[in-house]
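Contents: one structure, followed by commentary.
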Number of protein chains: 2
Amino acid sequence: MSTAAATPRGVPDASVARLPGYLRALTALAAEGIGLVSSEELAAASGVSSAMLRKDLSHLGSYGVRGVGYDVERLASEIAAALGLTQDWPVAIVGMGNLGRALAAYRGFAERGFRVIALLDHDERVVGDEVAGCPVLPMEDLPTLVAEQGLAIGVIATPPEGAQAACDRLVAAGVRSVLNFAAVVLAVPEHVTVRNVDLSTELQILAFHGQRSAVAEAVAP
Amino acid sequence: MSTAAATPRGVPDASVARLPGYLRALTALAAEGIGLVSSEELAAASGVSSAMLRKDLSHLGSYGVRGVGYDVERLASEIAAALGLTQDWPVAIVGMGNLGRALAAYRGFAERGFRVIALLDHDERVVGDEVAGCPVLPMEDLPTLVAEQGLAIGVIATPPEGAQAACDRLVAAGVRSVLNFAAVVLAVPEHVTVRNVDLSTELQILAFHGQRSAVAEAVAP
DNA sequence: ACGACTTTGTGAAGGGAGGCACAAAGTCGC
DNA sequence: GCGACTTTGTGCCTCCCTTCACAAAGTCGT
C-alpha cells in the first residue's frame, strides 16, 4: 500500500485526495463570511468540475439542499469528520537537515490541526539542538512518543540513504502513516500507509510537459 | 491544464508520472555497477508491477532484449531523453520564507540537472539578502531571467495570499511550468502547466487512512 | 545447429474514474 | 396553494488505466 489504497466500500481514493482541497476552499469562504455556496462556485474555487464535486460529496452523504446549495460550515465540518480531523494527529519529523528544519518551522501544520510533537534525528551531534523552539530528540524516544503522546504520523525528511532505516524505526514504534520526502521507495508492512512527496519527480514531470509544449509550438508556430 | 494534461498521442500522463521513479531506480542500479536489469527487478525497485513497467516502457520504444532484460545505462538515457532532461531547465524560486530558503539550499535540484538560477522575493526588505550563496532578486528581474538565461520553471514558495500574484508575474514573464507549494488553486492560461505540492493535503489524506484502519481494527480486532 | 528456457512486448479483458444529462426536491414569487 | 425556477444527487456512458496472459524473440547449453 504505497500510493493507492483500496477502499473496500465507501469513499474512492481519488475522491479522498480531493477532499482536502474542498475543505480548504470552504475554510476560505467561511473566512469571507460566506455561509452558502453552490456546487458550481465551490468547484471553481477548488479547481474541479461541478459534476465531480457533487459526486465526491455524494459519497459522504447528502449535505446539500436542492435549489439552494451547501451550507459552508456544515459541509466543512462533515468533510473534516470524513477525513478524521475531529481527533488530533500528533506528528513527528525525522531528519533535521535543511528540509526537516523548514518543515519544523512551517506553520501550515498547526493551522490545519496537525500538532508537531517531536523532532528527531539519528545523528547524535544534532540531538539536543533546538529547532523552531523544540529540542531534537534521539530515535530511541520513538516508542515513548507513540505510547504516551499518541504519535500517529511520521514525516521522513532524511537523506535517501537513511530513509528506510528511519521508516523502519517509525513502523517498529507503531506509527502507521508516513509522509516521505526522501527520493526512495520505502518498504513497509501491509497496514502502513506511505505517501511520497518528491521535488525532483515533480520537476521532471514539468520538464516533460515543457518539452512537449515546446515541440508542439515548433510544429505549429 | 492544472494537474492532468491531455497527451494527444504518445505517453499517457499516468506513465509520465512514473518515469522519474524508474530513472531514479536505474541511477541507483548504475551506481552499484549493475549493467543489466529485468522488468521484474526494476519494477520491484520502483514500487510498481512488472506488467505496468513494461507497458510504460513500451510507450517509449523497444529498448529491452527478450530473454535478457534492459541495459541500465541505455534505458536511463532513453527515459531521460523522453522526459526532456537532455536540455537543462533553469529554475527560479519565488518566496524566501522558511520553505523557500530550504528549497534554495536543497541539493536534489542540481543532482538531477535542474539549475536554480535565481531566488526572488516580492518583499524589498528581503531583496539583497544572501540565501545559500545567492542574492535574492526583486520580481522585476523576471523578464530578464527568462530572456537572457532561459528561465523555464518557477517554484512558488510564497504564503498563500501572494501565490497568485507571484504566479501571474512568472507567467507574464514567459514561464510555462510552475511548481506550486502554496495551498491555493492557481489560475493560469491554457499553455501553462501547474503542479501542486501541499503538505497539509498529504497529511489529511494520511489522516483519512489512519482513521480508516483504526475503524477496521475496532471492527475486527 | 537445435531445442529448452527466459524475458520482453502486446492484445484483450476488467475495473474505475470522470463527464453528461436529467429526474428529484426544494425555494421563491404571486 | 401553486407554478416556475434553481440546484442537487445520480444513473449511464465513455474513455483510460491496470492487469492478465501469451506469443514473439532472443540467449545459452549441448
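Every chain is numbered from 1 and lettered A, B, ... according to where its sequence line falls, protein lines coming before strand lines.
- Distance alone, capped at 3.5 Å, is enough to place a donor-acceptor pair between the R107(B) side chain and the A105(B) backbone.
- The main-chain N or O of G64(A) is never found under 3.5 Å from a side-chain atom of R66(A) such that the two would form a donor-acceptor pair.
- Looking only at distances, no side-chain donor or acceptor of R112(A) sits under 3.5 Å from a matching main-chain atom of S200(B).
- Atoms CD (E40(B)) and C1' (dG9(C)) sit 15 Å apart, rounded to a whole Å.
- Listed for the E41(A) side chain is a donor-acceptor partner under 3.5 Å among the backbone atoms of S38(A).
- Atom C1' of nucleotide dG16(C) and atom NE2 of H59(A) are separated by 11 Å, given to the nearest angstrom.
- For R66(B) against dT7(C), no side-chain N or O and base N or O form a donor-acceptor pair under 3.5 Å.
- Set against dT19(D), dT8(C), dT27(C), the side chain of M52(B) has dT19(D) as its closest nucleotide.
- Looking at E78(B), its side chain never comes within 3.5 Å of a backbone N or O of L60(B) through a donor-acceptor pair.
- In the interface, the side chain of K55(B) is not paired with the base of dG9(C) through any donor and acceptor atom under 3.5 Å apart.
- As rounded to whole Å, 10 Å separates atom P of dC17(D) from atom CG of D56(B).
- No donor-acceptor distance shorter than 3.5 angstrom exists from the side chain of E73(B) to the backbone of G35(B), with no hydrogens or angles considered.
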(message) In dot-bracket form, 5' to 3', how is DNA chain C paired? Count Watson-Crick and G-U wobble pairs only if both distances fall under 3.5 Å, and write | where the partner sits on another strand.
(response) ||||||||||||||||||||||||||||||

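- Side-chain atoms of D56(B) and Y22(B) form a donor-acceptor pair, as typed in the model, at a separation below 3.5 Å.
- To the nearest angstrom, P of dG18(C) lies 13 Å from CG of L57(A).
- Across all strands shown, S15(A) has no heavy atoms under 4.0 Å from either base or sugar-phosphate atoms.
- Nearest nucleotide to the side chain of S38(A), out of dT8(D), dA21(D), dC17(D): dT8(D).
- Taking side-chain N and O atoms only, Y70(B) has no distance below 4.0 Å to OP1 or OP2 of dG26(D).
- Separating the CG atom of L53(A) from the P atom of dG9(D) is a distance of 10 Å, rounded to the nearest angstrom.
- Distance, E78(A) CD to dG9(D) P: 12 Å, rounded to whole Å.
- We find that CG of L36(A) is positioned 11 Å from P of dT27(C), with the value rounded to whole Å.
- Side-chain proximity of S58(B) to the nucleotides dT10(C), dG26(D), dT19(D) is greatest for dT10(C).
- Atom CG of L42(A) and atom P of dT7(D) are 14 Å apart (whole Å).
- The shortest distance between the side-chain N/O atoms of S39(B) and the OP1/OP2 oxygens of dT7(C) is not below 4.0 Å.
- Distances shorter than 4.0 Å separate some side-chain N or O of R18(B) from OP1 or OP2 on dT18(D).
- Between the side chain of W89(A) and the backbone N or O of G84(A), at least one donor-acceptor pair lies under 3.5 Å.
- For R54(B), the side-chain atoms get nearest to dG9(C) when compared with the rest of dG19(C), dG9(C), dT19(D).
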